[in-house]
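The structure appears right after this line, and notes come after that.
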There are 2 protein chains.
Amino acid sequence: MKKRGGGQGGTTAPGGGQDARRGNAAKMPARPCAARRAGGGTVKITDVAEAAGVAPMTVSRVLNTPDRVSTATLARVRDAIAALGYVPNLIAGGLSSRRSRMVAAVVPTIAHPMFADMIRHFSTLLRAANYQVMLLISGYEEGAEAPLVQSVLTRRPDALLMTGADHAPATRALLQGAGIPVVEIWDVSPRPFDMQVGFDHAEVGAAVAAYFRAQGFQRFLSLPAGDRRARQRGEGFSAAVRAAGLELLEPPAELPAPSTITAGREALRAMLPRLAFPGAARTALFCSSDLLAFGAITEARLAGLGVPAQLAVCGFGDFEISRASAPPFSTVTVDGAAIGRLAAEALLARLGGTDAAEGQGPAIGQGVAMGGPRVKVPFHIIHRGTT
Amino acid sequence: MKKRGGGQGGTTAPGGGQDARRGNAAKMPARPCAARRAGGGTVKITDVAEAAGVAPMTVSRVLNTPDRVSTATLARVRDAIAALGYVPNLIAGGLSSRRSRMVAAVVPTIAHPMFADMIRHFSTLLRAANYQVMLLISGYEEGAEAPLVQSVLTRRPDALLMTGADHAPATRALLQGAGIPVVEIWDVSPRPFDMQVGFDHAEVGAAVAAYFRAQGFQRFLSLPAGDRRARQRGEGFSAAVRAAGLELLEPPAELPAPSTITAGREALRAMLPRLAFPGAARTALFCSSDLLAFGAITEARLAGLGVPAQLAVCGFGDFEISRASAPPFSTVTVDGAAIGRLAAEALLARLGGTDAAEGQGPAIGQGVAMGGPRVKVPFHIIHRGTT
DNA sequence: GTGAAAGCGCTAACAG
DNA sequence: CTGTTAGCGCTTTCAC
């Protein structure tokens, strides 16, 4: 008992052209949500099969492995798909094939340009290989990760991207149990869970300290945001300063995570007494993010502190503001896009490569040999006016 | 199933990379939990049922309607779940129940604070009602929306959030066919597809023009980013100026979307000849985003143009930079969080309310009566130093 | 309060 | 190249 009420037409078939004809288009223009009930549910693969005069399996092949279908059948089936407005049900397909064609990505925030960039590139590469990306925002709270991972595993992602390399035991247990490829980004650790694409945050701090020292600074200050990796960068900086036996100012109370301009301003204001007294030595300031750095610079100039004459500032992240504000300020750049790309490539390699008919396989990035568990992405200090 | 090991990691970072060891990092995973049974595959509901000595259906009830299970059974089943590390398979559950417990949200970008905020609140409310949010980033390109919507409908979301109110016919057809609740945010239109939560962008521009006029400005300039709604705001502004018979400067070539600080700087630099000549009248500038406004202000001051003495600037969005930079600048604020909340509430109402055991039903926001198809969210001009 | 049977819509694994 | 037969793991529906 099949009676098709009002067919929906005119969807764009993947890889196909527009289908001009639309048999019996919707009669009543309005009623946005009524379409489904009347005819007896949504159109499914058997409806298409029937309309095209083939078996359901053939329709499935048209959708998934079109090169295994004769051209004539292909055309007939595609016509039927377009005519009926068939949208495949990946829930059913996923249950059957045990592949969800979905990759979950857990990030602390999407507000930071670096993560936004990374995500964009990660998604683009995966989409090209016919995977959808499900984005999960974990925030910076401890303990928020495990429930989030648990809830997403419920959808049986084919792979997982995690931010950071330290996870609660509960999270590790979940990942373990899931048995899917996992890539950790944005950090590297001696004990990767599976694959990693990132860099050593303490090294960044040490490098900035070295950079300042090379310019003869004797007095240093670190302003790290309240998240783990920001603290690592700050600690790398401070450790290097201490190791050199140079003066390290004590920062004010802990800053928030994620960082803000305002937090940078307030922190600098709190430090002012120790930076601006008569005869004070030049101080070299390392902020764990460009937002903090911009805030610090803003406040310093308002207080009449010369930048970089009395206070040199280096940020982190190479956000647009670091190069587009006046003065542009020095910062550390990490190629977020590359991290996204490399993470996607690592996952795809494990998933068996692209599964769509893409002309271009996943190129191995930047001469780095993927296949190992761990890729370190370089960072660079960008010298601008403030140091 | 899962194989680890083998491989070479580590590229060198400029900061002074060490890292040579890797050894048996992935060895002895410590078996945090007996998640995977020795037998084969992942643990499923029948395994839990068997372990607890009940029928699979009972386990399902424990998970979905625990109040319909006796306390004793509940405890026994929950123990079994924990012991086996069972993670329910929502793909199977979704196929069976025809509910995916997933809501898809299509936004042009996650990089703008306003969208990030809106998304956060939207997700939080939905998660509390036991729905996961799948975020799709459409960008600002025409024609990108339909394929994206098509691909996500494949997963049978229970509802959809769309940004903007104008969609290609292909998109509308898809939404129509899906037969699910749809909420359009961030804009209102005379012909909503289903529900809307937003505001009239042209009205914003008109309000800013009125605000400037009230201060006696006679000369106006609008700098809109290249996306549709930014142009609407600009057009609302320009139309109001023209209607009052006042002078409206011609803006330079079209700006990009999404907007950037750099674009604001460049646009203002291009306008300089018409703003800074001797005896020039004060000009009132409306930027379609705070990033543009910040760039314009930066460039104006660099050029020695007094802000607000010679150039008054009003942005849009109330981004942190508008209040935390020096000087803080005037802008228009829209409560992105409220949009997210209201959108979530509208959808949840249609989905039958929270389905989790939440103590708090969806509160109707801010005295606005939901249930109509259209909610207008207020906006406000925030007066700061630059006007 | 609990269980048994019958699919949900699709695809793997085989035929032909 | 195309079709047939069985499920995928869960929930619906109805008994008990």
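Bear in mind that the values here come from a model prediction, so they are computed numbers and not experimental data. All values below were derived from every heavy atom in this structure, side-chain atoms included, with hydrogens, water molecules and symmetry-related copies excluded.
Taking atom CG of A:L63 as the reference point, atom C1' of C:dG9 lies 12 Å away to the nearest angstrom. Between the C1' atom of C:dG9 and the CZ atom of A:R98 lies a distance of 16 Å, rounded to the nearest Å. Between the CG atom of A:N64 and the P atom of C:dA13 there is a distance of 14 Å, rounded to whole Å. Across the protein-nucleic acid pair, A:L95 atom CG and C:dC10 atom C1' stand 8 Å apart, rounded to whole Å. One can place OH of A:Y86 at 7 Å from C1' of C:dG9, the figure rounded to the nearest angstrom.
Under the side-chain hydrogen bond (donor to acceptor under 3.5 Å, both in side chains) criterion, the residue pairs touching residues 72-82 of chain B are B:S70-B:T73, with sequence neighbours excluded. Listed by first and then second residue, the salt bridge (charged side-chain N to carboxylate O under 4.0 Å, His left out) pairs that reach into residues 80-97 of chain A come to none, sequence neighbours excluded.
B:R172 meets the side-chain hydrogen bond (donor to acceptor under 3.5 Å, both in side chains) test with no other residue; sequence neighbours excluded. With sequence neighbours excluded, the residues that form a salt bridge (Lys or Arg N to Asp or Glu O under 4.0 Å) with B:D166 are B:R228. Shown here are the side-chain contact (heavy atoms from CB on, under 4.5 Å) partners of B:T124, two or more places apart in sequence or in another chain: there are none. Under the side-chain contact (heavy atoms from CB on, under 4.5 Å) criterion, B:T65 pairs with B:R61, B:R68, not counting sequence neighbours. Residues satisfying the salt bridge (Lys or Arg N to Asp or Glu O under 4.0 Å) criterion with B:R156, sequence neighbours excluded, are absent altogether. By the side-chain hydrogen bond (donor to acceptor under 3.5 Å, both in side chains) test, A:T163 is found to be paired with no residue, residues two or more places apart in sequence or in another chain being considered.
Contacts between chain A and DNA chain D, taken as any atom within less than 4.0 angstrom of a protein heavy atom, begin and end at D:dC1 to D:dG9.
The nearest heavy atom of DNA chain C to A:A92 and to B:V69 marks one nucleotide each, and the one closer to the 5' end goes with B:V69. Each of B:S97 and A:S97 was assigned the nucleotide of DNA chain C with the nearest heavy atom; the assignment lying further toward the 5' end belongs to B:S97.
Between A:V103 and A:P157 the shortest side-chain heavy-atom distance does not fall below 4.5 Å.
For the helix from C:dG1-D:dC16 to C:dG16-D:dC1, the terminal axes (five pairs an end, C1' atoms, rotation from four pairs onto the next four) enclose an angle of 20°, given to 10 degrees.
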Below 3.5 Å is the cut-off: list the nitrogen or oxygen pairs between protein and nucleotides 4-7 of chain C, distance only.
{"from": "C:dG7", "atom 1": "N2", "to": "B:S96", "atom 2": "OG", "distance (Å)": "3.0"}

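When only modelled atom types and interatomic distance are considered, B:Q132 and A:R155 share a side-chain donor-acceptor pair under 3.5 Å.
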Please tabulate, for the side chains in residues 144-153 of chain A, all donor-acceptor contacts under 3.5 angstrom to protein atoms that are two or more places apart in sequence or on a different chain.
{"from": "A:E145", "atom 1": "OE1", "to": "A:H167", "atom 2": "ND1", "distance (Å)": "2.8"}
{"from": "A:E145", "atom 1": "OE2", "to": "A:H167", "atom 2": "ND1", "distance (Å)": "3.4"}
{"from": "A:S151", "atom 1": "OG", "to": "A:L148", "atom 2": "O", "distance (Å)": "3.1"}

